[in-house]
Amino acid sequence: MEKTPIHKKVAAFAVALALSLGMFGGVSYQTAHAESGSSHSSSLSSMSEANLIALLQDLIKLLETRLQALIDARGDVVKDDSSKDDDDSCDDGSSDDRGLTELEADIFTNETVVKVEIDGDTAVFTTDADTRAEIIDAILAKYKTLTKNEVEKVLEVETEDRASRTSDKTVKNDDDCDDKNDTVTKADAEAAIDDLEDAIEDAEKSIDDSNADSDDIEDAEKKLDDAREKLADAKKELADGDYDSAVDKAEKGEDKVEDALDEIGEGDDDDDDDDDDDDEDDDDDDEDDDEDDD
(Lines give C-alpha, C1' and ligand atoms only; values in the text may rest on other atoms or scores of the structure.)
Protein backbone atom coordinates (compact mmCIF):
# COMPACT_ATOMS: atom_id res chain seq x y z
CA MET A 1 0.00 0.00 0.00
CA GLU A 2 1.41 3.33 -1.05
CA LYS A 3 2.18 5.65 1.86
CA THR A 4 0.71 9.16 1.91
CA PRO A 5 3.48 11.81 1.76
CA ILE A 6 3.91 13.75 5.00
CA HIS A 7 3.07 17.05 3.36
CA LYS A 8 -0.28 15.65 2.22
CA LYS A 9 -1.06 14.55 5.77
CA VAL A 10 -0.19 18.02 6.96
CA ALA A 11 -2.42 19.49 4.29
CA ALA A 12 -5.35 17.30 5.33
CA PHE A 13 -4.87 18.27 8.98
CA ALA A 14 -4.67 21.94 8.04
CA VAL A 15 -7.99 21.67 6.22
CA ALA A 16 -9.64 20.01 9.23
CA LEU A 17 -8.17 22.63 11.54
CA ALA A 18 -9.34 25.46 9.31
CA LEU A 19 -12.86 24.03 9.26
CA SER A 20 -12.80 23.80 13.07
CA LEU A 21 -11.91 27.47 13.37
CA GLY A 22 -15.18 28.32 11.72
CA MET A 23 -17.02 26.72 14.68
CA PHE A 24 -15.22 29.02 17.13
CA GLY A 25 -16.04 32.30 15.42
CA GLY A 26 -12.71 32.60 13.61
CA VAL A 27 -12.07 33.17 9.93
CA SER A 28 -13.53 30.01 8.44
CA TYR A 29 -11.32 28.46 5.86
CA GLN A 30 -14.33 26.60 4.58
CA THR A 31 -16.38 29.78 4.14
CA ALA A 32 -13.58 31.63 2.44
CA HIS A 33 -13.22 28.91 -0.21
CA ALA A 34 -16.74 27.45 -0.32
CA GLU A 35 -16.95 27.59 -4.11
CA SER A 36 -13.77 25.61 -4.69
CA GLY A 37 -15.37 22.39 -3.38
CA SER A 38 -12.90 19.51 -3.06
CA SER A 39 -10.05 21.61 -4.42
CA HIS A 40 -8.95 22.45 -0.82
CA SER A 41 -6.93 19.31 -0.44
CA SER A 42 -5.43 19.38 -3.89
CA SER A 43 -4.44 23.04 -3.66
CA LEU A 44 -2.84 22.54 -0.27
CA SER A 45 -1.13 19.35 -1.45
CA SER A 46 0.57 21.28 -4.20
CA MET A 47 2.17 23.60 -1.62
CA SER A 48 5.64 22.89 -0.37
CA GLU A 49 6.01 21.15 2.94
CA ALA A 50 7.60 24.24 4.52
CA ASN A 51 4.69 26.44 3.47
CA LEU A 52 2.20 23.92 4.79
CA ILE A 53 3.95 23.81 8.17
CA ALA A 54 3.94 27.60 8.31
CA LEU A 55 0.23 27.63 7.48
CA LEU A 56 -0.44 25.02 10.12
CA GLN A 57 1.41 27.08 12.73
CA ASP A 58 -0.64 30.14 11.83
CA LEU A 59 -3.85 28.16 12.13
CA ILE A 60 -2.83 26.73 15.50
CA LYS A 61 -1.97 30.20 16.75
CA LEU A 62 -5.32 31.52 15.56
CA LEU A 63 -7.10 28.62 17.25
CA GLU A 64 -5.27 29.28 20.52
CA THR A 65 -6.28 32.94 20.35
CA ARG A 66 -9.93 32.10 19.78
CA LEU A 67 -9.98 29.51 22.55
CA GLN A 68 -8.34 31.92 24.99
CA ALA A 69 -10.95 34.55 24.12
CA LEU A 70 -13.71 32.07 24.93
CA ILE A 71 -12.03 31.14 28.22
CA ASP A 72 -11.61 34.80 29.20
CA ALA A 73 -15.23 35.55 28.35
CA ARG A 74 -16.37 32.63 30.49
CA GLY A 75 -14.13 33.80 33.32
CA ASP A 76 -15.63 37.29 33.24
CA VAL A 77 -19.13 35.84 33.55
CA VAL A 78 -18.15 33.76 36.57
CA LYS A 79 -16.37 36.74 38.14
CA ASP A 80 -19.41 38.97 37.67
CA ASP A 81 -21.67 36.37 39.28
CA SER A 82 -19.28 36.07 42.23
CA SER A 83 -19.16 39.84 42.69
CA LYS A 84 -22.93 39.97 42.65
CA ASP A 85 -23.08 37.30 45.36
CA ASP A 86 -20.63 39.29 47.48
CA ASP A 87 -22.77 42.39 47.14
CA ASP A 88 -25.89 40.44 48.04
CA SER A 89 -24.19 39.08 51.18
CA CYS A 90 -24.06 42.62 52.56
CA ASP A 91 -27.50 43.58 51.32
CA ASP A 92 -29.60 44.80 54.23
CA GLY A 93 -32.75 43.65 52.48
CA SER A 94 -34.00 47.19 52.11
CA SER A 95 -33.22 47.67 48.42
CA ASP A 96 -36.93 47.34 47.65
CA ASP A 97 -37.92 49.72 50.45
CA ARG A 98 -38.67 53.23 49.32
CA GLY A 99 -39.74 56.23 51.30
CA LEU A 100 -40.12 56.34 55.07
CA THR A 101 -39.98 52.80 56.45
CA GLU A 102 -39.00 53.29 60.11
CA LEU A 103 -39.26 56.15 62.56
CA GLU A 104 -38.48 55.73 66.25
CA ALA A 105 -38.07 58.34 68.99
CA ASP A 106 -36.65 57.52 72.43
CA ILE A 107 -37.27 60.22 75.02
CA PHE A 108 -34.45 60.19 77.58
CA THR A 109 -34.07 62.39 80.63
CA ASN A 110 -31.51 64.61 78.90
CA GLU A 111 -32.58 64.52 75.24
CA THR A 112 -34.66 62.73 72.63
CA VAL A 113 -32.96 60.44 70.12
CA VAL A 114 -34.74 59.99 66.78
CA LYS A 115 -33.89 57.21 64.33
CA VAL A 116 -35.13 57.63 60.78
CA GLU A 117 -34.97 55.10 57.94
CA ILE A 118 -35.65 56.45 54.45
CA ASP A 119 -35.04 54.47 51.26
CA GLY A 120 -33.18 51.84 53.27
CA ASP A 121 -30.72 54.33 54.83
CA THR A 122 -30.83 54.92 58.59
CA ALA A 123 -29.88 58.20 60.25
CA VAL A 124 -29.96 59.45 63.85
CA PHE A 125 -30.42 62.92 65.26
CA THR A 126 -31.17 64.40 68.68
CA THR A 127 -33.65 67.05 69.75
CA ASP A 128 -34.92 68.75 72.90
CA ALA A 129 -38.50 67.88 71.95
CA ASP A 130 -40.10 65.70 74.63
CA THR A 131 -43.69 65.28 73.43
CA ARG A 132 -45.03 63.44 70.40
CA ALA A 133 -46.28 66.64 68.77
CA GLU A 134 -42.95 68.42 69.28
CA ILE A 135 -41.03 65.41 67.98
CA ILE A 136 -43.14 65.34 64.82
CA ASP A 137 -42.44 69.04 64.27
CA ALA A 138 -38.71 68.42 64.73
CA ILE A 139 -38.76 65.58 62.18
CA LEU A 140 -40.66 67.62 59.62
CA ALA A 141 -38.26 70.52 60.08
CA LYS A 142 -35.28 68.27 59.39
CA TYR A 143 -36.80 66.16 56.61
CA LYS A 144 -38.82 68.56 54.51
CA THR A 145 -39.78 65.91 51.94
CA LEU A 146 -41.84 64.02 54.53
CA THR A 147 -45.48 64.75 55.20
CA LYS A 148 -47.14 65.00 58.58
CA ASN A 149 -49.50 62.13 57.79
CA GLU A 150 -46.74 59.63 56.97
CA VAL A 151 -44.70 60.70 60.01
CA GLU A 152 -47.66 60.24 62.35
CA LYS A 153 -48.38 56.86 60.81
CA VAL A 154 -44.86 55.43 61.19
CA LEU A 155 -43.58 57.20 64.33
CA GLU A 156 -43.10 55.10 67.47
CA VAL A 157 -42.30 56.93 70.72
CA GLU A 158 -40.80 55.37 73.84
CA THR A 159 -39.82 56.99 77.12
CA GLU A 160 -36.66 55.89 78.95
CA ASP A 161 -36.07 56.74 82.61
CA ARG A 162 -32.36 57.41 82.17
CA ALA A 163 -29.94 59.60 80.29
CA SER A 164 -29.02 58.67 76.74
CA ARG A 165 -25.86 56.73 76.00
CA THR A 166 -23.55 56.67 73.02
CA SER A 167 -24.98 53.35 71.85
CA ASP A 168 -28.45 54.92 71.70
CA LYS A 169 -27.19 57.30 69.03
CA THR A 170 -25.11 54.81 67.05
CA VAL A 171 -26.34 53.05 63.93
CA LYS A 172 -24.88 49.55 63.79
CA ASN A 173 -24.91 47.29 60.75
CA ASP A 174 -25.05 43.53 60.35
CA ASP A 175 -21.98 41.65 61.60
CA ASP A 176 -21.18 40.26 58.13
CA CYS A 177 -20.74 43.78 56.79
CA ASP A 178 -19.02 45.44 59.72
CA ASP A 179 -15.71 45.68 57.86
CA LYS A 180 -17.37 47.73 55.10
CA ASN A 181 -19.94 49.77 57.00
CA ASP A 182 -18.79 50.05 60.60
CA THR A 183 -20.08 53.35 62.00
CA VAL A 184 -18.53 53.23 65.51
CA THR A 185 -15.73 55.79 65.58
CA LYS A 186 -12.98 56.64 68.01
CA ALA A 187 -14.97 59.67 69.11
CA ASP A 188 -17.92 57.39 69.92
CA ALA A 189 -15.71 55.17 72.07
CA GLU A 190 -14.16 58.14 73.89
CA ALA A 191 -17.61 59.60 74.57
CA ALA A 192 -18.85 56.28 75.97
CA ILE A 193 -15.84 56.07 78.28
CA ASP A 194 -16.37 59.65 79.45
CA ASP A 195 -20.02 58.86 80.21
CA LEU A 196 -18.98 55.84 82.27
CA GLU A 197 -16.38 57.83 84.20
CA ASP A 198 -18.99 60.48 85.05
CA ALA A 199 -21.49 57.80 86.08
CA ILE A 200 -18.96 56.14 88.40
CA GLU A 201 -18.05 59.48 89.97
CA ASP A 202 -21.70 60.33 90.61
CA ALA A 203 -22.34 56.86 92.04
CA GLU A 204 -19.38 57.20 94.41
CA LYS A 205 -20.88 60.40 95.82
CA SER A 206 -24.29 58.80 96.14
CA ILE A 207 -22.87 55.84 98.04
CA ASP A 208 -20.87 58.09 100.37
CA ASP A 209 -23.99 60.14 101.16
CA SER A 210 -26.29 57.14 101.40
CA ASN A 211 -28.16 56.20 104.59
CA ALA A 212 -28.66 52.63 103.39
CA ASP A 213 -27.75 49.61 105.48
CA SER A 214 -24.10 48.67 105.65
CA ASP A 215 -24.76 45.42 103.78
CA ASP A 216 -26.45 47.30 100.95
CA ILE A 217 -23.60 49.79 100.78
CA GLU A 218 -21.09 46.94 100.66
CA ASP A 219 -22.99 45.31 97.78
CA ALA A 220 -23.12 48.66 96.00
CA GLU A 221 -19.37 49.05 96.34
CA LYS A 222 -18.85 45.60 94.80
CA LYS A 223 -21.02 46.49 91.85
CA LEU A 224 -19.14 49.74 91.45
CA ASP A 225 -15.85 47.80 91.43
CA ASP A 226 -17.25 45.77 88.56
CA ALA A 227 -18.02 49.02 86.75
CA ARG A 228 -14.45 50.20 87.27
CA GLU A 229 -13.17 46.95 85.75
CA LYS A 230 -15.38 47.51 82.71
CA LEU A 231 -13.97 51.03 82.45
CA ALA A 232 -10.42 49.65 82.41
CA ASP A 233 -11.41 47.12 79.76
CA ALA A 234 -13.02 49.84 77.64
CA LYS A 235 -9.88 51.98 77.80
CA LYS A 236 -7.78 48.99 76.74
CA GLU A 237 -10.03 48.30 73.75
CA LEU A 238 -9.82 51.98 72.82
CA ALA A 239 -6.04 51.84 72.88
CA ASP A 240 -6.11 48.71 70.70
CA GLY A 241 -8.32 50.47 68.16
CA ASP A 242 -11.37 48.25 68.72
CA TYR A 243 -13.88 51.08 69.11
CA ASP A 244 -16.97 48.90 68.87
CA SER A 245 -15.77 46.69 71.73
CA ALA A 246 -14.79 49.76 73.75
CA VAL A 247 -18.33 51.13 73.49
CA ASP A 248 -19.75 47.73 74.45
CA LYS A 249 -17.53 47.52 77.56
CA ALA A 250 -18.45 51.07 78.57
CA GLU A 251 -22.17 50.32 78.23
CA LYS A 252 -21.86 47.23 80.40
CA GLY A 253 -20.00 49.36 82.93
CA GLU A 254 -22.94 51.79 83.04
CA ASP A 255 -25.25 48.85 83.70
CA LYS A 256 -23.05 47.92 86.68
CA VAL A 257 -23.28 51.49 87.96
CA GLU A 258 -27.06 51.30 87.75
CA ASP A 259 -26.97 48.02 89.69
CA ALA A 260 -24.86 49.68 92.38
CA LEU A 261 -27.35 52.53 92.75
CA ASP A 262 -30.19 50.02 92.97
CA GLU A 263 -28.50 48.46 95.98
CA ILE A 264 -28.80 51.73 97.94
CA GLY A 265 -32.24 52.57 96.59
CA GLU A 266 -31.13 55.26 94.15
CA GLY A 267 -31.60 53.44 90.88
CA ASP A 268 -34.52 53.83 88.48
CA ASP A 269 -37.53 55.76 89.70
CA ASP A 270 -39.64 52.63 89.32
CA ASP A 271 -38.46 51.45 92.73
CA ASP A 272 -39.28 54.83 94.23
CA ASP A 273 -42.74 54.64 92.73
CA ASP A 274 -43.23 51.25 94.32
CA ASP A 275 -42.15 52.67 97.68
CA ASP A 276 -44.58 55.56 97.27
CA ASP A 277 -47.37 53.10 96.55
CA ASP A 278 -46.47 51.15 99.68
CA ASP A 279 -46.54 54.35 101.73
CA GLU A 280 -49.96 55.22 100.35
CA ASP A 281 -51.21 51.75 101.24
CA ASP A 282 -49.88 52.18 104.78
CA ASP A 283 -51.65 55.52 105.08
CA ASP A 284 -54.89 53.97 103.91
CA ASP A 285 -54.52 51.24 106.50
CA ASP A 286 -53.94 53.80 109.23
CA GLU A 287 -57.07 55.68 108.19
CA ASP A 288 -59.09 52.48 108.28
CA ASP A 289 -57.79 51.76 111.79
CA ASP A 290 -58.77 55.24 112.95
CA GLU A 291 -62.29 54.78 111.59
CA ASP A 292 -62.60 51.44 113.40
CA ASP A 293 -61.52 53.11 116.67
CA ASP A 294 -64.19 55.73 116.23
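We number each residue from 1, following the sequence as shown.
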**Message:** Less than 4.0 angstrom from a charged side-chain N to a carboxylate O is my criterion; do K249 and E254 meet it?
**Reply:** no

**Asked** What pair of heavy atoms forms the shortest contact from A220 to I264, and how long is it?
**Response** CB-CG2, 3.8 Å

**Message:** If the condition is side chain to side chain donor-acceptor pair (under 3.5 Å), which residues does K236 pass it with, not counting sequence neighbours?
**Reply:** D240

**Asked** Do you know which two heavy atoms are closest between L231 and I193, and how far apart they sit?
**Response** CD1-CG2, 3.7 Å

**Asked** side-chain contact (heavy atoms from CB on, under 4.5 Å) between L224 and K256: does it pass, once the steps are laid out?
**Response** CA-CA 6 Å; L224 205 56; K256 293 297 182 182; over 6 Å; no

**Message:** Before you tell me yes or no, could you show the steps for D242 and K186 under salt bridge (charged side-chain N to carboxylate O under 4.0 Å, His left out), namely the whole-Å CA-CA distance, both residues' side-chain angles and the distance that decides it to 0.1 Å?
**Reply:** CA-CA 9 Å; D242 191 345; K186 181 178 180 181; over 6 Å; no

**Request:** Check step by step if side-chain contact (heavy atoms from CB on, under 4.5 Å) holds for R228 and D225.
**Result:** CA-CA 5 Å; R228 294 187 184 99; D225 286 339; 2.5 Å; yes

**Request:** Look only at the side chain of T101 and the backbone of I118, and say whether a donor-acceptor pair between them is shorter than 3.5 Å.
**Result:** no

**Request:** For the pair R162 and D168, find out whether any cationic side-chain nitrogen is under 4.0 Å from an anionic carboxylate oxygen.
**Result:** yes

**Request:** Please examine the side chains of F125 and V116, heavy atoms only from C-beta on, and report whether any two atoms are closer than 4.5 Å.
**Result:** yes

**Request:** Could you check K223 against E263 for salt bridge (charged side-chain N to carboxylate O under 4.0 Å, His left out), going step by step and ending with a plain yes or no?
**Result:** CA-CA 9 Å; K223 297 292 177 62; E263 293 293 341; 3.2 Å; yes

**Rounded distance (nearest 0.5 Å) linking atom OG of S210 with atom CD1 of I217** = 4.5 Å

**Asked** When you check the gap from the basic side-chain N to the acidic O, do K222 and D226 get nearer than 4.0 Å?
**Response** no

**Item:** D213 vs D216, side-chain contact (heavy atoms from CB on, under 4.5 Å): CA-CA, chis, key distance, verdict
**Value:** CA-CA 5 Å; D213 295 337; D216 292 336; 3.9 Å; yes

**Message:** Just verifying a value: how many Å separate E237 CD and D233 CG, rounded to the nearest 0.5 Å?
**Reply:** 7.0 Å

**Complete:** Taken to the nearest 0.5 Å, the spacing of D106 CG from E111 CD works out to 10.5 Å

**Message:** On a heavy-atom basis, which atom in K230 and which in G253 lie closest, and how many Å separate them?
**Reply:** CB-CA, 3.6 Å

**Fill in**
Heavy atoms of E152 and R132 approach each other most closely as O-NH2, 3.1 Å

**Asked** Counting heavy atoms not belonging to D128, are there more than 12 under 6.0 Å from its CG?
**Response** no

**Prompt:** Is it true that K115 and E156 make a salt bridge, defined as a side-chain N closer than 4.0 Å to a carboxylate O?
**Reply:** no

**Minimum-distance pair of heavy atoms, taken over all atoms of L238 and A189** = CD1-CB, 3.8 Å

**Fill in**
Taking every heavy atom of I135 against every heavy atom of V157, the minimum-distance pair comes out as CD1-CG1, 4.3 Å

**Message:** Within the structure provided, determine whether N149 and K153 are in side-chain contact (heavy-atom separation under 4.5 Å).
**Reply:** no

**Request:** Enter the distance from L196:CG to R165:CZ here, rounded to the nearest 0.5 Å.
**Result:** 9.5 Å

**side chain to side chain contact (heavy atoms under 4.5 Å, CB included) partner of I139, the single match among L100, V154, L103** = L103

**Prompt:** When you look at T112 and D130, which way does the side chain to side chain donor-acceptor pair (under 3.5 Å) test go after all the steps?
**Reply:** CA-CA 7 Å; T112 296; D130 57 4; over 6 Å; no

**Fill in**
The complete set of side chain to side chain donor-acceptor pair (under 3.5 Å) pairs with one or both residues in residues 190-200, sequence neighbours excluded, reads E197-K235

**Prompt:** Atom CG of D215 and atom CD of E218: how far apart are they, to the nearest 0.5 Å?
**Reply:** 6.5 Å

**Full working for side chain to side chain donor-acceptor pair (under 3.5 Å) between D188 and T185** = CA-CA 5 Å; D188 293 332; T185 65; 3.2 Å; yes

**side-chain contact (heavy atoms from CB on, under 4.5 Å) assessment of I136 paired with K148** = CA-CA 7 Å; I136 291 176; K148 186 174 183 179; 4.3 Å; yes

**Interatomic spacing from CD in E150 to OH in Y143 - rounded to 0.5 Å** = 12.5 Å

**Request:** For residues T65 and Q68, determine if any side-chain heavy atom of one lies less than 4.5 Å from a side-chain heavy atom of the other.
**Result:** no

**Message:** Side chains of K144 and L140, heavy atoms from C-beta outward: is any pair under 4.5 Å?
**Reply:** no

